[in-house]
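The figures that follow rest on heavy atoms only: side chains count, while hydrogens, waters and symmetry mates do not. Values in this document were obtained by computation on a predicted structure and should not be read as measured data.
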Amino acid sequence: MAGYKPYLPKHLHAAFDDFLELYVEHGLRSSDPEWLASRLDPDEVDKWRTDVVGEARLTGDSDPHARLVEMDRDGRAGEILFPDFGRPFELGTPIRESLAGYTRKPEHIAAGLPAHNRWLAEYVSVAPERFGGMANVDFDNVEAAMAEIRWAREAGLRGVLLPTFDDDRPLFSPDFDPIWSLLEDLAMPVNCHVGASSVSNRQFSTKAMSAVPHPACVLPLFNAQTQFFTHQILNHLIWGGVLERHPRLVVVFTEFGSSWVEGALLNMDYTYDGSYLRRDVRSVLRAKPSEYFARQCYLGSSIFSRAEIGARHTIGLDKMMLGMDYPHHEGTWAAGPGTLAYLQATLGACAVPADEARMLLSENAIRVWGMDGEALRTVADRIGPPMAEVLSSPRADLYPRGDVGKPLSSSFGGVGG
């Protein structure tokens, strides 16, 4: 965290120094053992300390060279990068900040996100063919947001992380149309990520947090609420007319789960076609909701289950982009015997053909993010296991817990891990 200071305006250095003192006492990343202890059994936390923290496998979160070593070790040729709740003046996840009674000031957000972006651009520059960085942009000041997006494009970042929105100024407000138009013109997808993107910027109630009967209950209670408001982004984009007004805007939904989309679109299509909704809604929505999704939306399927892989055709084979979720505990790379075994337990167990596996593992993402496919194939040939090995059936059930066995979710608010 302290490494962000050179990227911040000098007039905020003193305030940042004060924040760093608070961060030492209360700051936690989602991969820190102290944070994991609130939701994992002690033996799992001890294993994480020994096998991951003790082996310095988390240093890639801040050191691109260390991350490349970890990626090579795991067979990952490229990655799309998210901030993981470690931006300037950020104490941790929204749940962590609520538990600590901490709220970031607007001026700290406005300066902290560009500081993160400049740090990220340097990080990505170490291996631009392998890293796809997401610019973090505050939309409150539209002109400043547009200037930051233009800078991010020039700096080599590949997309924009959707922020949270105030209830009184929703993402479908005409105020933000210039931003959507700019993203169209620059061919920069907007990426929504659970916990970082939402239709509401309301914090969790500190009183509600204090009433939770057991620390392990925090995640099921409040992650469900987080995912609900995150899923509503699709509703706002469609019923708010954003995708109609901006037909070249590309939107990615990351770490929401994947199977919820099918039920959401069926219900929205029924509202459009089969309900008593006024027919003149077609004057502002000229296509069915599922048609907007088919034209403009994709899924960052991180982390993914065996059931979701089995349902890939109904969810959207051309929509899903599988993510390995570094540096989180529930990712394919850490909790269990590793990414190869995870892929065998999901893709291999579902007998996914090689051509479909290539779409899920690389081709969809290369197309959406404009990555250099030839460069990535060269890396994959060097570090990756053969496709036949990736798609071989598992010989034993190595994942009695975790996301491999998670059932399909047709409603809002599923909790992973």
Between [Y] and [X], is the closest basic N to carboxylate O distance under 4.0 Å?
X: R96; Y: E34; result: no
X: R67; Y: E79; result: yes
X: D51; Y: R57; result: no
X: D185; Y: R248; result: yes
X: R382; Y: D72; result: yes
X: D403; Y: R306; result: no
X: D41; Y: K47; result: no
X: E148; Y: R118; result: yes

- Message: Strictly distance-based, threshold 3.5 Å: is any side-chain N or O of S181 a donor or acceptor partner for the main-chain N or O of P178?
- Response: no

- Item | Under 3.5 Å: donor-acceptor pair, side chain of H214, backbone of A216 | yes

- Query: With under 30° as parallel and over 60° as perpendicular, where do the rings of W180 and F139 fit, or are they tilted in between?
  - Reply: perpendicular

- Parallel, tilted or perpendicular: which describes the rings of F19 and F89, with under 30° parallel and over 60° perpendicular? tilted

- Under 4.5 Å between any side-chain heavy atoms of L20 and D17, yes or no? yes

- Task: Test the K5-F16 pair against the cation-pi criterion, namely NZ or CZ under 6.0 angstrom from the six-membered ring centroid and within 45° of the ring axis.
- Result: no

- Message: For T230 versus S197, what's the shortest heavy-atom pair and its separation?
- Response: OG1-O, 3.3 Å

- Task: Hey, could you give me the CG/CG distance between L347 and L361, rounded to the nearest 0.5 Å?
- Result: 5.5 Å

- So, for F253 and Y298, is the gap between ring centers shorter than 6.0 Å? no

